[in-house]
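Here the structure comes first, spelled out in structure tokens, and everything after it is commentary.
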Amino acid sequence: MIWASALIFITALSSGVCDDGHEMEEFLKREYTLSKPYQDVGVSGSSHWELMGDALVSSDYVRLTPDQQSKQGAIWSRMPCHLSDWELQVHFRVHGQGKKNLNGDGLAVWYTKERMQRGPVFGNRDFFTGLGVFVDTYPNEEKLLEAQKKRYTPRTQRIFPYVLAMVGNGSISYDHDRDGRPTELGGCNAMVRNQKHETFLFIRYVRRRLTVMMDIDGQHEWRDCLDVPGVRLPQGFYFGASAVTGDLSDNHDLISMKLYQLTILRSKQEDEEQEEVLVPSVDNIDLLRPPVDEESVSSVGIFFSVLFTLLGVFLLVVVGLVLYEHWSESRRKRFY
Ligand SMILES: [Ca+2]
């Protein structure tokens with residue numbers, strides 16, 4: 001039953017029409033695909049995939065971390081990918097004993113220049129170059145503000161687990177304490193934890209448009225999560241996935257990662273415009289923008305800062321006039 005639906009699902013996708021009306025076809029690329037029975041995965045040098053840290057492989061899944069404290073694990077493709085348009089379907093499971101919000105920290109799917117480097121971003125290095133899509137299961141900022149007895153801006157309030165995309169150019173940091181808000185390209189809430197049915201994440205990169213969709217309700221229907229045009233990702237980067245646990249934990253399991261090459265019919269003009277991208281970037285977005293405190297740029301905030309500036313200037317003028325009056329008075333007295 002599941003297989004039949006999965007088949008319909010994939011067939012439905014295998015030849016389609018883009019949002020912009022262009023025809024496209026897709027081909028499964030086995031060399032970038034991770035699927036059962038995970039033949040030779042983790043055996044040094046003999047498979048397309050390499051394991052790292054606490055990750056281990058069983059007959060049914062690749063477990064990036066077990067449901068235990070302070071674990072981190074990853075799996076990386078050994079070969080760089082030189083496709084210009086692709087689609088990655090990730091079948092995963094996040095499950096554990098912890099009650100709601102007493103679990104963590106989440107998993108990440110990567111397309112980056114760097115590979116096999118341990119670090120603080122869901123088990124992977126910070127200051128990465130490329131794309132990261134995070135399934136964040138622990139609300140760090142909320143818990144931090146709660147501990148500081150601070151209230152929080154409804155504008156940045158979100159429900160966890162939260163799926164978020166970030167593009168890094170090697171010199172920007174993921175803000176773990178703020179759950180990546182300062183560098184977020186887009187995201188959505190996704191109740192992926194302890195689900196009885198299968199959960200999928202879908203990343204499509206076509207004509208520099210990044211689309212992330214989720215299928216987590218067991219309906220075999222993709223739900224939009226984010227859609228960002230003008231994302232420039234170089235070719236020759238590596239696919240990978242990583243996960244981390246801290247004081248709180250979960251099993252982070254990958255069942256499969258399937259990469260499809262998308263063949264797009266491009267016009268001659270589009271082909272000519274297709275210049276080589278060397279450093280990841282997103283059109284009209286400064287990736288290096290400083291962390292924005294949403295409160296300080298709210299319209300109410302702007303209104304009050306203008307008001308106080310005007311009051312300040314008015315006060316200075318009044319004080320100046322009074323002093324000037326005082327000074328000319330005493331000067332007149334000295335003359336007489
Ligand atoms: Ca988090």
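In each ligand, atom 1 is the first atom listed, and ligand 1 is the first ligand listed.
For Tyr174 and Phe134, the ring centers sit closer than 6.0 Å to each other.
With a 4.5 Å cut-off on side-chain heavy atoms, Glu141 and Asp175 do not count as touching. When side chains are defined from C-beta on, Asp179 counts as touching Phe160, because their heavy atoms get closer than 4.5 Å.
Screening the protein for N, O or S atoms under 3.0 Å from the Ca ion (ligand 1) yields 5; no waters enter the count.
Judged purely by atom type and a 3.5 angstrom limit, Thr112 uses its side chain to pair as donor or acceptor with the backbone of Glu114.
Grouping Ile, Leu, Val, Met, Phe, Trp and Tyr by side-chain contacts under 4.5 Å, direct or through others, leaves Val277 on its own.
Here the rule is ring-ring contact (aromatic ring centres under 6.0 Å, His included) with Tyr111, and of Trp76, Trp86, Tyr205, Tyr32 only Trp86 fits it.
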